[in-house]
Amino acid sequence: MTEKTLTEKWKEKKLPRDYYYVKYQKGYIEMADNLMGGFLMSVDNPIVEILAPVPTYEEYLESEAHCAAYSEANKNLKEKLDKAIERLKITIDLLTDPDCVSSFEDSLFIARRISQTLEEIREIK
């Protein structure tokens, strides 16, 4: 059996008392509390969905730390990828330069460099 959604728990009056992000019928989203065992809402714009609990300050800080770590990791990956792409562009330029490619062996060497660079790009993690 799958776990019930927050909206289902709320409709069954089994939603824990806490702060939640809610979606209203008119489409906007805001924070509301269920501290008294129910949400205060307008009849002409009722809540249609309980989206998520509002995180505690500690959870928020932990989330920020995770985002910062992922951001730094993505920055490092982008730098590696940019360098590999630049090497690939240079190698392709060599392949298309008649002064650099005067024989089949030259072409084969450059094709191998392209293949190696593409493999490096695939392995960037």
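Hydrogens, waters and symmetry mates play no part in the numbers below; they use all other heavy atoms, side chains included. Since the model is a prediction, treat every value here as computed from it, not as a measurement.
In this structure, Asn45 and Tyr28 have side chains that are in contact, with non-hydrogen atoms separated by less than 4.5 Å. Using a 4.5 Å heavy-atom threshold, the side chains of Ile114 and Leu88 count as touching. Between Val22 and Trp10 the shortest side-chain heavy-atom distance does not fall below 4.5 Å. When side chains are defined from C-beta on, Glu12 counts as touching Lys4, because their heavy atoms get closer than 4.5 Å. The side-chain heavy atoms of Leu51 and Ile29, taken from C-beta on, include a pair separated by under 4.5 Å. Within the 4.5 Å cutoff, the side chain of Asp33 has no heavy atoms near those of the Phe39 side chain.
For Thr7 (side chain) and Ile50 (main-chain N/O), a donor-acceptor pair under 3.5 Å exists by modelled atom type. Proximity of a side-chain donor or acceptor of Glu79 to a complementary backbone N or O of Asn76 within less than 3.5 Å is not detected.
In this structure, a donor-acceptor pair under 3.5 Å is absent between the side chains of Tyr24 and Glu49.
Here the shortest heavy-atom pairing between Ala84 and Ile121 reads CB-CG1, 3.4 Å. Among all heavy-atom pairs drawn from Tyr21 and Pro55, the shortest one is CE1-CD, 4.1 Å. In terms of heavy atoms, Ala52 sits closest to Leu6 at CA-CD1, 3.6 Å. Asn34 and Leu15 get closest at one heavy-atom pair: ND2-O, 3.2 Å.
Remark: Glu120 does not engage Lys80 in a salt bridge, criterion side-chain N to carboxylate O under 4.0 Å. We find that Arg112 and Glu119 are not joined by a salt bridge, their nearest charged nitrogen and carboxylate oxygen being 4.0 Å or further apart.
A distance of 12.0 Å separates OG in Ser71 from CD in Glu64, rounded to the nearest 0.5 Å. How far CG of Leu81 is from NZ of Lys83: 12.0 Å, rounded to the nearest 0.5 Å. To the nearest 0.5 Å, atoms CD (Glu86) and OG1 (Thr117) are separated by 11.5 Å. Interatomic distance, OH of Tyr57 versus CG of Leu61, reported as 4.0 Å (0.5 Å rounding). Atom CD of residue Glu3 and atom CD of residue Glu8 lie 10.0 Å apart, to the nearest 0.5 angstrom. Separation of atoms OG (Ser63) and CD (Glu58) is listed at 13.0 Å; rounding is to 0.5 Å.
The number of heavy atoms from other shown groups lying within 6.0 Å of NZ (Lys9) is above 12. Heavy atoms from other residues, nucleotides or ligands lying under 6.0 Å from CG of Leu35 number more than 12. Within a 6.0 Å sphere centred on CZ of Arg113, heavy atoms belonging to other residues, nucleotides or ligands number 12 at most.
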